[in-house]
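Each remark here refers to the structure printed beneath this line.
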Amino acid sequence: VNELKSRLTLADLGPSLADEAPDSLAVSEEGALIQALRNGDEAAFALVVNRFSGPLLRVAMLYVPSRAVAEEVVQETWVGLLQGIDRFEGRSSLKTWLFSILTNRAKTRGQQEGRQIPFSAFSAAECASDEPALEPERFLPADHSQWPDHWALPPRSWGESPEKRLLARETRAYLADAIAALPPAQREVITLRDVEQWTSQEVCNALGISETNQRVLLHRARSRVRRSLETYFEKAQG
Amino acid sequence: LTCQQVLRQLSEYIDGELDPSLVASLSRHLEHCEDCRIVVHTTQKTIEISCNSEPVPLPDDVRERLWRSVQKKMGWAE
């Protein structure tokens, strides 16, 4: 760390590093990355800062009342990483450990700042609500003589939409807006699972929610975002 | 299974986290229900687009504040 502090500059944390660092560092293996951090490798620290600061900030904001406080929590987390890396035994992944540092500090700060409702509480409230995957009017009633509970207003295929259009910048921007409009707990779970591609266990650990609630929130979030995209493609097809 | 019951299990089905006995029932339903197949397909596409999201960059001012703070707290000279 002493070597790191003397050599690492703000420029090392520039945006371009995120693209260049993995190959140039050859630290794709987590063990090598941890060893590099212990050795005071500035590029390794810059790599993890670039890779995780955005998600850390997003999770911190779940626990504290303002972005400014969330930024302070992220800063404290990086200090915690530097101070604790020599004691890190590798029983969990580096990411899990990092987020456990963050959530511990964020919970404490959240209590100090007077935020009474932790993420686990409002996620539980969202899960308790009775939200169908699709609008009930899209289905025939349960007592329908021929097709009980089957489709009344069936979905439209996106089959006509070429692959290029599905992954176009405009489509991704629309999806980002759809995710931003979700209820908070759904938004966080789908962001971590599908955008950041975390495992369900990592999400449960970071957010302090049960596996069941994580599944419910993810399912609802995907259903809402899929419906938004369905509307988007219908408009696009005229 | 009805269509609504299928939709309730959809996310776990796509993620491969569903109980094998339910997978069999759901697969049988999907064989003959084109509408539910469309929802499966479009949900998979939704996840695919999510996976291809632009990474959210940390704003420069945030990065700078973060770095200066880490330097200060660690007692590093600027």
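Letters A, B, ... are given to chains in the order of the sequence lines, protein chains preceding strands, and every chain is numbered from 1.
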Taking all atoms of both residues into account, what is the closest heavy-atom pair of [X] and [Y], and its distance?
{"X": "B:T42", "Y": "A:R156", "value": "CG2-O, 4.4 Å"}
{"X": "A:Q197", "Y": "B:C51", "value": "NE2-O, 3.4 Å"}
{"X": "B:T46", "Y": "A:V225", "value": "CG2-CG1, 3.6 Å"}

Between B:Q9, B:E17, B:E12, B:Q4, who has the most heavy-atom pairs with chain A when the cutoff is under 4.5 Å?
B:Q4

Look at A:R222 together with B:D15 and state whether they make a salt bridge at an N to O cut-off of under 4.0 Å.
yes

Between [atom1] on residue [X] and [atom2] on residue [Y], distance to nearest 0.5 Å:
{"X": "B:C3", "Y": "A:L140", "atom1": "SG", "atom2": "CG", "answer": "9.0 Å"}
{"X": "B:S11", "Y": "A:I190", "atom1": "OG", "atom2": "CD1", "answer": "8.5 Å"}
{"X": "A:H219", "Y": "B:R8", "atom1": "NE2", "atom2": "CZ", "answer": "8.5 Å"}
{"X": "A:H150", "Y": "B:C36", "atom1": "NE2", "atom2": "SG", "answer": "7.5 Å"}
{"X": "B:I47", "Y": "A:L175", "atom1": "CD1", "atom2": "CG", "answer": "11.0 Å"}

Under 4.5 Å heavy-atom distance to chain B, tell me which part of A:S200 shows up: side chain, backbone, both or neither.
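Interface part for A:S200: side chain.
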
Sort A:R220 into side chain, backbone, both or neither according to what part of it lies under 4.5 angstrom from a heavy atom of chain B.
neither

Can you tell which of A:P154, A:A176, A:P155, A:A173 has the highest number of heavy-atom pairs within less than 4.5 Å of chain B?
A:P155

State, with a plain yes or no, whether a side-chain heavy atom of B:I49 is found less than 4.5 Å away from one of A:R172.
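A side-chain contact exists here, since the closest heavy-atom pair is under 4.5 Å.
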
State, with a plain yes or no, whether a side-chain heavy atom of A:W151 is found less than 4.5 Å away from one of B:V39.
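Yes - at least one pair of side-chain heavy atoms lies under 4.5 Å apart.
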
Whether B:H41 side chain and A:W158 backbone form a donor-acceptor pair below 3.5 Å
no

